[in-house]
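For reference, the structure is listed below as structure tokens.
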Amino acid sequence: MLPAIDKINKVKELQAAMLKMPQLELPTFHYFADGLYARVVKRPAGTLIVGKIHKKEHLYIVTKGKVRVASDTGSVIYEAGDVIISKPGTKRAVLALEDSICMTVHRCEETDLEKIEEELVENEEQSLFGPGNKLKVLSCHS
């Protein structure tokens with residue numbers, strides 16, 4: 001079994017390879033309620049996402065479909081109704097095995113998406129998406 005750091009590096013290697021591929025901007029919805037921020041992302045079957053490293057513990061909920069999640073703790077299949085407690089420092093790759101909807105729920109007083117990004121996730125130059133899950137224009141496509 002690979003040590004956790006090697007598994008994180010494998011996810012980062014996948015992310016680097018994905019920089020060379022066409023990207024899809026997925027429908028993303030943002031909700032705010034009394035110190036909570038929820039982000040809902042709809043993804044068609046076959047969509048592969050490499051997430052950012054989060055700074056704070058939060059909930060990850062599969063609300064529709066089935067996904068395979070690979071991280072430093074291994075690879076697990078989750079389906080609609082599953083709730084995962086995501087620990088700080090975790091980096092994941094998520095493959096939608098079916099048309100799926102996933103939601104993260106965070107403690108956060110902020111409502112500005114750029115400030116939320118600064119508060120909740122590590123800055124990663126190689127990340128394909130910026131605040132609000134909008135596709136970034138990167139100069140390193142080759």
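Only a predicted model underlies this, so the values are computations on that prediction, with no experimental measurement involved.
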Original post:
Under the side-chain contact (heavy atoms from CB on, under 4.5 Å) criterion, do Tyr37 and Val105 qualify, and how do the steps go?
Top reply: CA-CA 6 Å; Tyr37 163 57; Val105 179; over 6 Å; no
Subject >> Worked check of side-chain contact (heavy atoms from CB on, under 4.5 Å) between Cys102 and Val67 >> reply: CA-CA 9 Å; Cys102 296; Val67 297; 4.0 Å; yes
Original post:
For Asp34 and Leu36, what are the C-alpha separation, side-chain angles and deciding distance, and is it a side-chain contact (heavy atoms from CB on, under 4.5 Å)?
Top reply: CA-CA 6 Å; Asp34 195 23; Leu36 295 174; over 6 Å; no
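Side chain to side chain, Thr28 and Arg39 fail the donor-acceptor criterion of an N or O pair below 3.5 Å.
Within the model, atoms OG1 of Thr90 and CD1 of Ile84 stand 11.5 Å from one another, a figure rounded to the nearest 0.5 Å. Ile53 contributes atom CD1, which lies 10.5 Å from atom CG of Asn123 (distance to the nearest 0.5 angstrom). With values rounded to the nearest 0.5 angstrom, Thr63 atom OG1 is found 13.0 Å from Glu79 atom CD. We find the CG-CD1 distance between Asp82 and Ile77 to be 11.0 Å, quoted to the nearest 0.5 Å. With rounding to the nearest 0.5 angstrom, the CD atom of Glu57 is 4.0 Å from the NZ atom of Lys87.
In this structure a side-chain-to-backbone donor-acceptor pair under 3.5 Å is present from Ser100 to Lys66. At least one donor-acceptor pair closer than 3.5 Å links the side chain of His58 to the backbone N or O of Lys56.
Contact check for Lys42 versus Lys64: no side-chain heavy atoms found under the 4.5 Å cut-off.
In this structure, Val41 is not a member of the same hydrophobic cluster as Val62, with clusters built from ILVMFWY side-chain heavy atoms closer than 4.5 Å. Val94 and Leu26 sit in two unconnected hydrophobic clusters of ILVMFWY residues. Membership requires side-chain heavy atoms under 4.5 Å apart, directly or through other members. Connection of Val83 to Met103 is established within a shared hydrophobic cluster, with ILVMFWY side chains joined at heavy-atom distances below 4.5 Å, either directly or through further cluster members. Note on Tyr60: it clusters hydrophobically with Val76, by side-chain heavy-atom contacts below 4.5 Å among ILVMFWY residues. Residues Phe32 and Leu120 share a single hydrophobic cluster, defined by chaining ILVMFWY side chains whose heavy atoms lie under 4.5 Å apart.
Taking each heavy atom of Glu118 and Lys55 in turn, the nearest pair found is O-NZ, 2.6 Å. Residues Arg68 and Ser75 share a closest heavy-atom pair of NH1-OG, 3.1 Å. In this structure, Ala96 and Pro44 approach most closely via the heavy-atom pair CB-O, 3.4 Å. Looking at every heavy atom in both residues, Ser71 comes nearest to Arg92 through CB-CG, 3.6 Å. Nearest heavy atom pair, residue Ile101 against residue Val40, reads CG2-CG1, 3.4 Å. Among all heavy-atom pairs drawn from Cys108 and Ile116, the shortest one is SG-CG1, 3.8 Å.
Partners of Arg107 under the side-chain hydrogen bond (donor to acceptor under 3.5 Å, both in side chains) rule, at least two apart in sequence or in another chain, do not exist in this structure. Glu122 pairs by the side-chain hydrogen bond (donor to acceptor under 3.5 Å, both in side chains) definition with nothing, not counting sequence neighbours.
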